[in-house]
Amino acid sequence: MVNIYAGNLAFNMTEADLRNMFEAHGKVDRASLVKDSMSGDSKGFGFVEMPNDKEAKAAIAALNDMDTQGRKMTVNEAKPKADRSEGRDRY
DNA sequence: GTTGAGCGTT
């Protein structure tokens, strides 16, 4: 299982589109596009989980830094999610 | 616009 981060995405992209991109290179366990909770606007990045290690690497290699909507998107292995379960107004 | 919650009043 590989957790993948995809940033600098097109803001018109949806979770289905994201999943599609990665499924072109292997099996996709889950695809999520991060968006604002209230407005629903895309935040321009998302995550994809792929069960097959080599397929995930292939997808990253193929999609990372590729030209899309006039920009270069960023794709790499995701870092662990920060723990925000204690609330949002710390600090 | 670049590393994930959720959207209600404990």
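A, B, ... follow the sequence lines: proteins, then strands. Residue 1 opens every chain.
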Before giving the answer on side chain to side chain contact (heavy atoms under 4.5 Å, CB included), spell out for Val34(A) and Phe47(A) the whole-Å C-alpha distance, their side-chain angles and the decisive distance to 0.1 Å.
CA-CA 8 Å; Val34(A) 180; Phe47(A) 296 87; 3.9 Å; yes
Interatomic distance where [atom1] belongs to [X] and [atom2] belongs to [N] [whole Å]:
X: Asp36(A); N: dT3(B); atom1: CG; atom2: P; result: 15 Å
X: Leu63(A); N: dT2(B); atom1: CG; atom2: C1'; result: 16 Å
X: Gln69(A); N: dG1(B); atom1: CD; atom2: C1'; result: 10 Å
X: Leu33(A); N: dG1(B); atom1: CG; atom2: P; result: 17 Å
X: Met13(A); N: dG1(B); atom1: CE; atom2: C1'; result: 14 Å
X: Asn64(A); N: dT2(B); atom1: CG; atom2: P; result: 17 Å
X: Lys35(A); N: dC7(B); atom1: NZ; atom2: P; result: 11 Å
X: Lys43(A); N: dT3(B); atom1: NZ; atom2: P; result: 9 Å

Decide, applying a 5.5 Å centre-distance limit and a 30° plane-angle limit (both strict), whether Tyr5(A) stacks on dT3(B).
yes
Does the aromatic ring of Phe11(A) sit over the six-membered base ring of dG1(B), closer than 5.5 Å centre to centre and tilted less than 30°?
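Aromatic stack with dG1(B) present for Phe11(A).
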Side chain to side chain contact (heavy atoms under 4.5 Å, CB included) between Thr74(A) and Asn64(A), worked out
CA-CA 5 Å; Thr74(A) 299; Asn64(A) 184 38; 4.2 Å; yes
Given [options], identify the nucleotide with an atom nearest to the side chain of [X].
X: Val34(A); options: dT3(B), dG4(B), dT2(B); value: dG4(B)
X: Ser37(A); options: dT2(B), dC7(B), dT3(B); value: dC7(B)
X: Ser32(A); options: dG1(B), dG4(B), dT3(B); value: dG4(B)

If you measure from the C1' atom in dT10(B) to the same atom in dG6(B), how many Å do you get, rounded?
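Pairwise C1' distance, dT10(B) against dG6(B), rounds to 15 Å.
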Residue mapping more 5' on DNA chain B - nearest nucleotide basis, Met38(A) or Pro80(A)
Pro80(A)
Heavy-atom nearest nucleotide on DNA chain B for Val48(A) versus Asp41(A): which residue maps closer to 5'?
Asp41(A)
Distance (rounded to the nearest 0.5 Å) between Asp65(A) CG and Met73(A) CE
10.0 Å
To the nearest 0.5 Å, tell me how far Asn20(A) CG sits from Phe22(A) CZ.
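Between atom CG of Asn20(A) and atom CZ of Phe22(A) there are 11.5 Å.
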Phosphate-side-chain proximity, Arg71(A) and dG1(B), N/O vs OP1/OP2 below 4.0 Å
yes
Under 4.0 Å, counting only non-hydrogen atoms across every strand here, what does Phe47(A) touch: a base, just sugar-phosphate, or nothing?
base
Any chance you could lay out the side chain to side chain contact (heavy atoms under 4.5 Å, CB included) test for Leu63(A) and Ile4(A), step after step, and finish with the verdict?
CA-CA 11 Å; Leu63(A) 300 173; Ile4(A) 302 167; over 6 Å; no
Base dG4(B) paired with Asn3(A) side chain (donor-acceptor, <3.5 Å)
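For Asn3(A), whose side chain was compared with the base of dG4(B), there is a donor-acceptor pair (under 3.5 Å).
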